[in-house]
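Here is the naming used below: chain letters follow the sequence lines, and residue numbers restart at 1 for every chain.
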There are 2 protein chains.
Amino acid sequence: MRLFNDQGTAAVSTNHVAAAAGISPGNLYYHFRDKEDIIRELFERMFATWDTVYRLPSNRRPILSDLDALITANYRQIWRHRFAYGEMAALLRGDPRLRTRYQVMRRRGYAGFKSLIKAFAASGVLTALPPTARELNVLTELCWVISEQWPVNLELSGRAFTANGIRQGIALMRMVLTPHLARGARADPL
Amino acid sequence: MRLFNDQGTAAVSTNHVAAAAGISPGNLYYHFRDKEDIIRELFERMFATWDTVYRLPSNRRPILSDLDALITANYRQIWRHRFAYGEMAALLRGDPRLRTRYQVMRRRGYAGFKSLIKAFAASGVLTALPPTARELNVLTELCWVISEQWPVNLELSGRAFTANGIRQGIALMRMVLTPHLARGARADPL
DNA sequence: GTCTATATAATGATAGAC
DNA sequence: GTCTATCATTATATAGAC
């Protein structure tokens, strides 16, 4: 994953992976059927983290700072797997099996995202959610796109993924959500 | 560009490009130094279109429908060059020269984006722009990320880039801009 | 400018010993 | 499970004739 994150999947050969892992190419092919299989495994590990990352405190009602924490955790998560998000379209185009799998997990993730938004609404953090289901979908989609793309976008612009970069990303998400925030919460400092 | 859009740059060899162009591989290398050079040329053609696409009517004040038209034109433009946006990070990582060039053009494009937003504010379409320069930057960045990523995102989710897909993209951009729209303009149907 | 032919190198992947 | 050795294929890129 480190190699893929740093150089992109196309620039990293199976020989490189084997060398970095400290094993022989032959041994690598004992553990993985082919290169696509390695990438699929990395995707699965990524999917597996989704359930734990996008989770609210179970012992109390979520508050605004939970929202910030969630956004931050999300960005870190995406950054950790940036090889995937930086060339997702190319990866999915080349591997139909991975594409199907991603789209299934994406739908699940999207539903989870919407649940989170609704949970923040129920707890009074977001008091002015869009009235129609359709608009709520648009809002969810908006959050999804920004979540998924902001860390890579940061890299593209030449900036680094630092605390400051994350802060800028939170500002973006806040600008989307502010019109839906409870009145008292809006003044919360970044 | 068609091959790259359909299969991704890594999956398309120079031999494929030559065959699709109806010339020999040797001839292709007479016209282009190497594969990166081909990609750089495609990027340059893309950059060249930016000035013509992101442009307001010169003979009158821009109105709300101009904003929608601009967003639509933008999405179409991105879609036409989706090979670039679908694997931008990987492409820039592998070609420092391209990275530098992209970042220069990106800064220029970002400044143009901000000018457009200000022009819509000056003409009364956007009446409630964020008060501080900092917030205006966040809004601009937000529009930029969505512009750049929505068409590819549409593809990733399994949807097609059709009139309907574009309409959904406009809805996204509208949700970002609505809090800043003039009151009378908000009721405008999609 | 365009071609054919080819050099060179790397890649993904396998065979088979241990 | 791990290795060495190697294969077949493919890709980029060049040489040189026309």
Side-chain angles (χ1 to χ4, degrees), chain A residues 1-48 81-102, chain B residues 1-48 81-102:
Chain A
M1 191 160 78
R2 184 174 50 77
L3 291 178
F4 287 159
N5 278 341
D6 290 348
Q7 305 173 238
T9 59
V12 177
S13 73
T14 51
N15 286 3
H16 292 143
V17 173
I23 63 175
S24 68
N27 193 7
L28 181 67
Y29 275 87
Y30 171 81
H31 291 283
F32 297 93
R33 185 182 182 75
D34 53 25
K35 192 179 176 181
E36 289 184 336
D37 199 36
I38 299 172
I39 294 172
R40 274 195 290 264
E41 171 64 22
L42 290 176
F43 265 75
E44 286 307 323
R45 294 188 183 190
M46 177 176 76
F47 294 146
H81 301 91
R82 60 189 177 281
F83 80 94
Y85 296 97
E87 47 178 320
M88 187 74 81
L91 290 175
L92 300 193
R93 250 184 253 120
D95 185 349
R97 199 168 132 192
L98 183 64
R99 177 167 59 234
T100 306
R101 178 74 178 138
Y102 169 76
Chain B
M1 191 160 79
R2 185 173 49 76
L3 291 177
F4 287 159
N5 277 341
D6 290 347
Q7 305 173 237
T9 59
V12 177
S13 73
T14 51
N15 286 1
H16 292 143
V17 173
I23 63 176
S24 68
N27 193 7
L28 181 67
Y29 275 86
Y30 172 81
H31 290 283
F32 297 93
R33 183 181 183 76
D34 53 24
K35 191 179 176 181
E36 289 183 336
D37 199 36
I38 298 173
I39 293 171
R40 275 194 290 264
E41 171 64 23
L42 290 176
F43 265 76
E44 286 306 323
R45 293 187 183 191
M46 177 176 76
F47 294 146
H81 301 90
R82 61 189 176 281
F83 80 95
Y85 296 96
E87 47 178 320
M88 187 73 83
L91 290 175
L92 300 193
R93 251 183 252 119
D95 185 349
R97 198 169 132 191
L98 183 64
R99 177 167 59 233
T100 305
R101 178 74 179 139
Y102 169 76

Is the shortest side-chain N to carboxylate O distance from B:Glu44 to B:Arg40 below 4.0 Å? no

B:Phe32 CZ to D:dT14 P: how many Å, rounded? 15 Å

For the side chain of A:Asn15, counting heavy atoms from C-beta on, which of D:dT12, C:dG12, C:dC3 is nearest? C:dG12

Minimum-distance nucleotide (side-chain atoms of A:Tyr29 versus D:dG1, D:dA13, C:dT14): C:dT14

Candidate pair A:Leu91 and A:Phe43, rule side-chain contact (heavy atoms from CB on, under 4.5 Å), full reasoning: CA-CA 11 Å; A:Leu91 290 175; A:Phe43 265 75; 4.0 Å; yes

What is the ring orientation for B:Phe83 with B:His81, classed by angle as parallel under 30°, tilted 30 to 60°, or perpendicular over 60°? tilted

Reckon B:His31 has a side-chain N or O less than 4.0 Å from the OP1 or OP2 of C:dT2? yes

In whole Å, I'd like the distance from the CZ atom of A:Arg33 to the P atom of C:dG12. 16 Å

Expected output: side-chain A:Glu36 to main-chain A:Asp95 donor-acceptor under 3.5 Å: no

So which one's nearest nucleotide on DNA chain C is more toward 5', A:Ser13 or B:Ser24? B:Ser24

If you look at every heavy atom in B:Ile39 and B:Leu98, which pair is closest and at what distance? CG2-CD2, 4.2 Å

Calculate the interatomic distance between A:Asp37 atom CG and C:dT14 atom P; express it in whole Å. 12 Å

Taking for A:His16 and for B:Ile23 the nucleotide of DNA chain C with the nearest heavy atom, the one nearer the 5' end belongs to B:Ile23

Shortest non-hydrogen pair, B:Ala10 vs A:Ala10, comes out as CB-CB, 3.9 Å

For DNA chain C, what residues of residues 87-98 of chain A have any heavy atom nearer than 4.0 Å? none

Nucleotide of C:dG12, C:dC3, D:dT2 approaching A:Tyr30 most closely (side-chain heavy atoms): D:dT2

Separation of A:Asn27 atom CG from C:dG12 atom P, in whole Å? 17 Å

